[in-house]
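Right, one structure below, let's go through it.
All chains are named by letter (A, B, ...) in the order of the sequence lines, taking the proteins before the strands, and each is independently numbered beginning at 1. What you see is a predicted model, and the numbers here were worked out from it, not measured in a lab.
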Protein chains: 2
Amino acid sequence: MPTIYYVAKHAGVAPATVSRVINDSGYVAGETRERVERAIAALGYAPNRLAQGLRSKQTQTLGLILTDITNPFWTTVARGVEDAASKAGFSVVLCNTDESQAKQDQYARLLLQKQVDGFVLVPACNDAETVTRIRERGVPLVVFDRRVPIPVDTVRGDSEGGAHSLVRHLLAQGHRRIAVLGGAREVSTATDRVAGYRRAMGEAGLTVDPALILYRDFTLAAGDEMASLVLALDPAPTALFAVNNFIAIGALRALRDAGVRVPEDVAMVAFDDLPQAMVVEPFLTVAAQPAYQMGHQATELLLARLAGDKSDKILEIILPAQLVVRRSSSHKVGPSLNPFVKDVELSHQN
Amino acid sequence: MPTIYYVAKHAGVAPATVSRVINDSGYVAGETRERVERAIAALGYAPNRLAQGLRSKQTQTLGLILTDITNPFWTTVARGVEDAASKAGFSVVLCNTDESQAKQDQYARLLLQKQVDGFVLVPACNDAETVTRIRERGVPLVVFDRRVPIPVDTVRGDSEGGAHSLVRHLLAQGHRRIAVLGGAREVSTATDRVAGYRRAMGEAGLTVDPALILYRDFTLAAGDEMASLVLALDPAPTALFAVNNFIAIGALRALRDAGVRVPEDVAMVAFDDLPQAMVVEPFLTVAAQPAYQMGHQATELLLARLAGDKSDKILEIILPAQLVVRRSSSHKVGPSLNPFVKDVELSHQN
DNA sequence: CTGTTAGCGCCTTCAC
DNA sequence: GTGAAGGCGCTAACAG
């Protein structure tokens with residue numbers, strides 16, 4: 001492993017000059033630069049990033065902590081982060097918490113020790129501990145997709161608005177009894193989506209039956225369980241709103257096993273699209289978040305902070321979710337049995 | 001940011017003693033250790049990994065370079081790697097090459113500069129350059145899933161055998177005209193799977209129609225294109241073999257658009273399963289590779305090399321692919337029109 | 001069992 | 001425009 005000293009000797013210059021060439025910093029005469037570059041090539045020299053980082057206090061590395069690397073939504077986000085970072089000469093270390101706060105905190109500590117320059121964090125729960133730890137160390141941070149209870153730079157999708165669109169769409173199809181298959185109560189995306197549901201129901205003059213709102217977590221198994229539960233209710237809901245893609249798939253599976261057809265017997269909508277690549281025939285009506293773009297934008301915000309944008313304004317960037325109407329909600333329901341229910345305006349786009 | 005010196009001063013000991021406590025190396029008296037631990041806690045000290053790595057020449061970090069983070073097969077592998085690594089106190093840096101050799105080489109260089117202790121590499125193509133570069137630096141390396149033209153530790157699925165099972169299964173269903181929707185010609189998994197196809201056909205006494213073997217790449221678009229091409233042949237194949245999951249989905253989509261039913265009009269099998277989470281109703285007959293386990297095992301091999309297993313034996317670990325028969329190939333075809341075709345033994349399991 | 005010394009590979013200051 | 005010196009935070013080697 002050649003070091004900067006060997007290169008310097010080989011080129012007949014001082015180590016500092018080699019450093020200037022590597023980092024394109026300071027003045028180096030054209031001829032000197034060439035000599036150094038030739039020496040670097042001849043020796044196959046590559047700088048040791050640990051030493052660079054130790055000395056310069058910058059690692060050109062960002063930490064990305066997310067909750068489920070298995071979910072295509074998050075891998076798409078990761079690509080957005082990665083692309084934005086590498087465009088700026090940064091690399092990304094990706095960590096997967098499995099929705100566990102313990103793992104999240106562990107990874108945050110590790111990355112801090114590795115001296116990453118900044119964080120994009122998808123918090124496993126509505127808790128400020130990890131965020132606080134990172135900020136105490138003075139490392140820039142953007143919270144992604146989920147809210148935490150303290151003010152901090154954030155990039156997220158419009159969970160409330162997207163849910164509102166989905167439920168309005170169902171209402172327009174004639175549904176009145178709509179169940180929510182929710183995620184973890186401690187996660188803002190779950191509660192915000194329920195809030196959007198409530199608002200849409202309220203605007204339609206409908207009262208919400210609490211038995212129709214369930215909270216579990218963002219998994220297949222939870223979707224399966226919640227779907228089975230609400231279908232056993234009397235009267236059963238005519239439509240289901242799954243607050244994420246995995247819950248939706250779990251629910252669809254439960255419905256299939258129970259011989260319940262979608263959309264003929266029950267309609268279904270969900271938050272988060274499944275990527276094209278996973279599905280032969282797109283079928284679910286969804287509120288699709290611009291995952292890639294969100295990741296990209298969060299990273300650009302982070303890089304701006306790194307570049308010294310010390311404006312004390314805390315930014316909260318909220319990107320709209322797009323309503324995509326497909327077959328799973330295409331079955332119209334007859335006029336409500338309840339004559340007191342107001343009509344809602346028809347609208348398939350938000 | 002407290003350093004080891006502050007901690008030492010705070011505890012009234014020398015920095016080296018603090019180091020001994022942190023790393024649990026050397027002898028430290030119980031009472032001293034406690035004092036140091038209290039100081040660490042009081043100051044919120046955490047060691048700087050850059051400095052540790054620079055000094056000790058070990059980063060406790062592995063590099064994982066793979067070709068498509070979007071594909072659930074690879075994210076599952078990544079989890080296997082991650083779990084095996086963290087059990088041993090290593091962390092993993094994941095890099096996505098998008099099947100680009102240029103990106104692969106770039107990431108290898110970067111990780112080398114970051115002084116990772118070892119690599120798990122999924123080569124983007126059948127080329128030894130990256131592998132050679134890594135070995136020249138003396139960094140242990142396990143090649144994953146695909147072969148490269150030089151001998152090196154490898155963990156991979158049995159592509160040839162899995163393809164053989166799939167095609168035998170199709171033959172047992174009565175198919176004789178079977179098309180292969182192939183991946184990149186430069187990637188061993190693509191060519192090995194074609195080899196398995198050829199062997200199965202040969203064993204059944206069938207000659208292979210070269211028009212039925214296509215090579216593109218491992219994407220949806222390629223699957224779509226290849227399916228359209230082979231269906232236009234005269235006579236058209238009665239069964240399709242997609243050499244990976246994404247090709248299969250692309251092909252299924254093309255078939256749907258063309259109004260061709262699976263399995264009634266044409267049968268379909270594929271290499272690599274889609275994870276449960278992605279599909280409501282498992283439908284495709286596949287040769288499933290144990291992705292998680294493969295990642296785990298590759299990492300354990302790598303860690304063994306790191307731990308000093310310098311046995312010069314180069315290991316090539318080949319894990320079997322499991323034939324999973326589902327609906328997409330369940331339609332039997334009548335006796336061959338060609339009376340000279342031999343019967344093959346019936347067997348649904350390999 | 002603990003302290004002292006030296007240096008990992010690099011970059012930043014400051015001279016010249 | 002270039003070189004010399006010092007130190008980033010830590011651990012290995014050696015004393016004691």
Worksheet, complete the sentence: Protein heavy-atom contacts under 4.0 Å, written 5' to 3' over nucleotides 6-11 of chain C as B (base), S (sugar-phosphate only) or - (none), form the string BBBBBB

Item to complete: With sequence neighbours left out, write down each residue that passes side chain to side chain contact (heavy atoms under 4.5 Å, CB included) with B/Ala16, or none if nothing qualifies.
Response: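 In terms of side chain to side chain contact (heavy atoms under 4.5 Å, CB included), with neighbours along the sequence ignored, B/Ala16 is linked to B/Arg20.
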
Fill in: Partners meeting side chain to side chain contact (heavy atoms under 4.5 Å, CB included) with A/Arg38 (sequence neighbours left out)
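Counting only residues at least two positions away or on another chain, A/Arg38 forms a side chain to side chain contact (heavy atoms under 4.5 Å, CB included) with A/Glu34, A/Arg35.
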
Would you please say whether a donor-acceptor pair under 3.5 Å links the side chains of [X] and [Y]?
X: A/Thr219; Y: A/Asp217; result: yes
X: A/Thr59; Y: B/Lys114; result: no
X: B/Asp127; Y: B/Gln101; result: yes

Worksheet item: Rounded to the nearest Å, what distance is computed from the CD atom of residue B/Gln115 to the P atom of nucleotide D/dC10?
Response: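 For the pair B/Gln115 CD and D/dC10 P, the rounded distance is 18 Å.
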
Item to complete: Quickly work out the B/Asp24 CG to D/dT11 P distance and round it to whole Å.
Response: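 Going from B/Asp24 (CG) to D/dT11 (P), I get 13 Å.
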
Practice prompt. Please test B/Asn96 against A/Glu82 for side chain to side chain donor-acceptor pair (under 3.5 Å), starting from the C-alpha separation and ending with a verdict.
Written response: CA-CA 9 Å; B/Asn96 181 225; A/Glu82 162 75 24; over 6 Å; no

Indicate the atoms forming the closest heavy-atom contact of [X] with [Y], along with that distance.
X: B/Val81; Y: B/Gly295; result: CG2-O, 3.5 Å
X: A/Leu50; Y: B/Gly53; result: CD1-C, 3.6 Å
X: A/Phe90; Y: A/Thr61; result: CD2-N, 3.6 Å

Worksheet item: Axis-to-axis angle across the helix from C/dC1-D/dG16 to C/dC16-D/dG1, five pairs an end, to 10 degrees?
Response: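 It comes to 30° between the two terminal axes.
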
Worksheet entry | Residues in contact with DNA chain C, drawn from residues 25-44 of chain A - heavy-atom cutoff 4.0 Å |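 Nucleic-acid contacts, sorted: none.
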
Worksheet item: So, is A/Thr17 near the phosphate of D/dT2, with a side-chain N or O under 4.0 Å from OP1 or OP2?
Response: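 The answer is no; no side-chain N or O of A/Thr17 sits under 4.0 Å from OP1 or OP2.
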
Listing, residues 2-11 of chain A side-chain donor-acceptor contacts under 3.5 Å, not counting sequence neighbours, or none:
| unit_1 | atom_1 | unit_2 | atom_2 | d |
| --- | --- | --- | --- | --- |
| A/Thr3 | OG1 | A/Tyr5 | N | 3.1 |

